Amino acid sequence: MKLIEGNIDKNYIVESIDGGCMAKDRLWKLGIIPGVVIKIKRRAPLKGPLMLEVNGSDVVIGRGIASRINIKEIE
Amino acid sequence: MKTIALVGQPNCGKSTLFNQLAGYKSLSANFPGATVEYTKGQTYIGEEIAEVIDLPGTYSLSWYDDAEKETVRALFSEHIDVIVNILDASTLVRSIELTIELMSLEKPLVVALNMMDEAVRKGIYINAKKLEDILGVKVVPIVAKKGKGIKDLLEAIKTAKKPLKRCVYSKEVEKYINKLKECIEKNGLSGEWPPKLMAIKAIEGFEPCMEPLENSTCKASLNEARYALRDGLVIVQERHALCMDIFEKVAVVKKKEKKSLETILDSILLHSLFGYISMFLIFFSIFYAVFHGGVPIENLIIGIFDKIDASLTSALAHNKLILAIIRGVVDGVGAAFGIAFPYLLPFLFLISLLEDVGYLPRIGFLLDSTMHKMGLHGTSIIPFVSGYGCSVPAIMTTRILKSRKEKIISAFLASLVPCSARTTVIMGLVGYFIGYGYAILLYGINIIVIMISGMILKKLLPGISPEMALDIPPYRLPTIKTLLLKTWHKVKDFIFLAVPMLIAGSVVLTLITYYNLDGIINGVFKPFMALIGLPSSIAVVLIFGILKKELTLLMLYQALGLSSLSQIPKVLTHEQMFVFTIFVIFYIPCIATMAAIKKEVGLKATIYITAGTFVLATVLALIFKVLLYSVWI
Ligand SMILES: Nc1nc2c(ncn2[C@@H]2O[C@H](COP(=O)(O)OP(=O)(O)O)[C@@H](O)[C@H]2O)c(=O)[nH]1
């Protein structure tokens, strides 16, 4: 599942980041690393960016980037 | 003199610390050949004076935008004697990642562990001594906002040493890194990079580090390492685990963090409906405050300068040329003060407040999708909105933007937003004589033109606009001292920059009047004025408007040979007034704005922007001329 398809207020595990993602390095630095648990907090209207909770901090990423991040639901 | 560089991730409190160290005497400078700006100042370390430079915040040494790139470049340069790495103690895990990278630069390094108070509030207790032992770098806990720990920090800077340890990865990982590093060293491919750091970044897939290895003998080792380490993911995960491990060793987390107030604020300010309403209200109040406070102050300043003008006129009545020049100088200074104190100062103060409280990135979240269509990020709304007040602070706020492309687009578009001076023309001419509905129509047309121009510029300009990827800081109360200092730096910039231009401009204009060159100017521009359907006698008005836009209205009736504004409809038709106003809204930014644009994006871009606005204004004037004459009854 792609991050962009995730539900609000749910926790997911980051599985992988697609190749060719310009922001990969930045995502790693923001703590979005495969294996890490993230929570989708809210989406901005009008196809705006997503706000995530990573490691206790809030992180905002654009939709394009979010459609290149693969996630897995936590049972 | 020693040079000390402050480095840290965004929102770690870097500029607060800088202002504690360097104070009001600091100034901002541009990196050579870049639109990115940093601040430098001086501080005493013991008896010795040292230079402190405040580099733009960066998450790591692999950059994502122009500002981060300049920071990394500056760090590589020889000039820096001591690096002070500021960490946000409340987000320690992420912050240490940068520290680990900085250690590999092998320069004297000190860690300033900032926001100790906030960490405690979140229930995180950090043992700085333990952290120091693990990292092998001096760690000084501080609270920059309250000035706590600054003395110890200065002491540590004085005796700063190169890091004792290095980050070590697991044996398997180190094997690949070292193999590539040796190859890079042997072939002298590393350039400014420390070879090991370059090897790591190349394996992680950071373009600028991979590229030099592309056609070299090291290509094979790189491919091998990238394959074995899953495109660097293994390194990233190990480093993350290492940071988590350090955190667990040095910190005790007592109670569950409680962020109730922040959650409530965010649920309103980031709400899909209330978020936009609150944003509107916040900007509206800022405008209201600046305008209602600003206009009387501006009138006061104008009054003072008018008095000076009057007494000069009587004192120098016998020598008209000298009078003309001196009056030009006085008017130029008056114009600068008339912008700087009533508008610039309060405006920049309030914008700095929004920035330091942590509201700006949240606006970015709300508006990103709309602004992205114009090649911009959500935060670019600030230059636009500020533009309705005065273009100068609006242009100066493009400083908060990261990429050059974004800055140029924003500077161009912000200069098209009708400032208060142009509002006088819109209201005083179109509003008063044709009807207020038409004035509002003009604002609508303006917004549409700006959006279309933005979309075109996005396509036209080289470079990509990276998507948003940043962390949203918690809400924080800034200190008045930092805010005032930040505002002061910017106002000082403006004064140094715009005063000479305003003086020069106004001297030229008084000389035009003195030598009666109006006729010649009008003659030269006659064909152009005929093209857009306006009387040639107002060409000179448009020239004066470049000094101050409100002059286009104030001088209009004189230029038309009338005795008062109310007679304008006798000479100009409604169509002409409309076209004239359209032209005035868009054509050439005023001198002070040009100075600000030059400061932010450089001379060449300023020339393009100025030429662009002129072409745009002419095209629009033509379109509306044709349109109005065919539909207006
Ligand atoms: N609680 C707390 N807040 C701080 C401290 N240092 C800075 N701040 C606040 O953090 C916010 C961001 O600081 P700033 O210096 O602008 O961060 P920069 O983006 O790294 O330059 C401001 O509102 C500061 O007042 C500190 O030690 N403790």
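No experiment lies behind these values; they were computed from the predicted model shown. Proteins come first, then strands; the chains are lettered A, B, ... in the order of their sequence lines, and each starts at number 1. Both backbone and side-chain heavy atoms feed into the values below; hydrogens, waters and symmetry mates do not.
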For this session: Search all heavy atoms of Gly56(A) against all heavy atoms of Lys122(B) and return the closest pair with its distance.
Result: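 Reported closest heavy-atom pair: O-NZ, 4.4 Å.
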Exercise. What are the two closest heavy atoms between Ala469(B) and Ile65(A), and how far apart are they?
Worked result: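 Minimum heavy-atom contact is CB-CD1, 4.0 Å.
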For this session: Return the option, out of Gly275(B), Gly378(B), Ser272(B), with the maximum number of heavy-atom pairs under 4.5 Å with chain A.
Result: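 The residue among Gly275(B), Gly378(B), Ser272(B) with the greatest pair count is Ser272(B).
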With a 4.5 Å heavy-atom cut-off, do [X] and [Y] have their side chains touching?
{"X": "Tyr276(B)", "Y": "Pro45(A)", "value": "yes"}
{"X": "Tyr59(B)", "Y": "Leu30(A)", "value": "yes"}
{"X": "Leu270(B)", "Y": "Lys41(A)", "value": "no"}
{"X": "Ser62(B)", "Y": "Lys29(A)", "value": "yes"}
{"X": "Trp28(A)", "Y": "Glu204(B)", "value": "yes"}
{"X": "Phe365(B)", "Y": "Arg42(A)", "value": "yes"}
{"X": "Arg26(A)", "Y": "Asp65(B)", "value": "yes"}
{"X": "Leu233(B)", "Y": "Ile17(A)", "value": "no"}

Rounded to the nearest 0.5 Å, what's the gap from [atom1] on [X] to [atom2] on [Y]? Could you check?
{"X": "Asn55(A)", "Y": "Thr91(B)", "atom1": "CG", "atom2": "OG1", "value": "9.5 Å"}
{"X": "Leu61(B)", "Y": "Asp25(A)", "atom1": "CG", "atom2": "CG", "value": "10.0 Å"}
{"X": "Leu52(A)", "Y": "Asp471(B)", "atom1": "CG", "atom2": "CG", "value": "11.5 Å"}
{"X": "Met51(A)", "Y": "Met468(B)", "atom1": "CE", "atom2": "CE", "value": "9.5 Å"}
{"X": "Ser16(A)", "Y": "Asp231(B)", "atom1": "OG", "atom2": "CG", "value": "11.5 Å"}

Problem set entry | Contact origin within Ser267(B) toward chain A - heavy atom pairs under 4.5 Å |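 Interface part for Ser267(B): both.
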Exercise. Non-hydrogen atoms of chain A under 4.5 Å away: do they reach the side chain of Glu68(B), the backbone, both or neither?
Worked result: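 Interface part for Glu68(B): side chain.
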Assess whether atom [atom1] of [X] is packed by more than 12 heavy atoms of other residues, nucleotides or ligands within 6.0 Å.
{"X": "Tyr125(B)", "atom1": "OH", "answer": "yes"}
{"X": "Arg476(B)", "atom1": "CZ", "answer": "yes"}
{"X": "Lys72(A)", "atom1": "NZ", "answer": "no"}
{"X": "Glu211(B)", "atom1": "CD", "answer": "no"}

Under 4.5 Å from any heavy atom of chain B - which part of [X]:
{"X": "Ile32(A)", "value": "neither"}
{"X": "Leu46(A)", "value": "both"}
{"X": "Val36(A)", "value": "side chain"}

For this session: Return yes if some donor-acceptor pair links the side-chain N/O of Gln237(B) with the main-chain N/O of Pro34(A) below 3.5 Å, else return no.
Result: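 A pair under 3.5 Å: yes.
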